[in-house]
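Just below is one structure, and these are the notes that go with it.
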Amino acid sequence: MTDIHVNVDQPPEPGLLRAAIEAALAGRAWPDGPEAAVARAVADHVTGTDHGPRSRPC
């Protein structure tokens with residue numbers, strides 16, 4: 001298992017993470033915010049486009 005590190009301005013809402021990750025993996029839009037940043041990091045990692053640690057303002 002590989003760790004994924006994402007820097008966000010505020011903690012993501014745990015209840016929204018799964019839906020955000022599913023949207024990112026399916027290529028669907030998701031509103032910007034910490035959940036979207038985490039979802040993009042997971043999708044990038046899973047698809048092999050991971051470019052390392054990232055920081056994105058919410």
Side-chain angles (χ1 to χ4, degrees):
M1 183 187 254
T2 302
D3 291 340
I4 300 172
H5 299 275
V6 183
N7 297 317
V8 292
D9 292 336
Q10 63 188 39
E13 181 66 41
L16 296 177
L17 283 174
R18 181 178 178 149
I21 293 167
E22 287 175 351
L25 288 170
R28 294 190 312 266
W30 188 268
D32 280 340
E35 298 83 10
V38 171
R40 280 189 296 269
V42 170
D44 288 351
H45 182 76
V46 168
T47 61
T49 57
D50 188 15
H51 300 292
R54 70 212 71 209
S55 179
R56 181 177 209 108
C58 295

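Everything quoted here is computed from the prediction, not taken from an experiment. All residue numbers refer to positions in the sequence shown, counting from 1.
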Whether the side chain of Glu13 engages the backbone of Glu35 through a donor-acceptor N/O pair (distance < 3.5 Å, no angle test) should be reported. no
Practice problem: Please answer: with hydrophobic residues joined when any side-chain heavy atoms are less than 4.5 Å apart, are Val6 and Ile21 in the same cluster? | Solution: yes
Taken to the nearest 0.5 Å, the spacing of Arg40 CZ from Asp32 CG works out to 5.5 Å
Tightest non-hydrogen contact, residues Pro34 and Pro11, listed as CG-O, 3.9 Å
CD1 (Ile4) and CG (Asp44) are apart, to the nearest 0.5 Å, by 9.0 Å
Of all heavy-atom pairs linking Pro31 and Ala36, the shortest is O-CB, 3.3 Å
Honestly curious: do Val42 and Val8 fall in one hydrophobic cluster under the side-chain, below-4.5 Å linking rule? yes
When every non-hydrogen atom of Ala24 is compared with those of Ala39, the smallest separation belongs to CB-O, 3.6 Å
(message) Quick check: is Val38 connected to Leu25 through a chain of hydrophobic side chains (ILVMFWY, heavy atoms under 4.5 Å apart)?
(response) yes
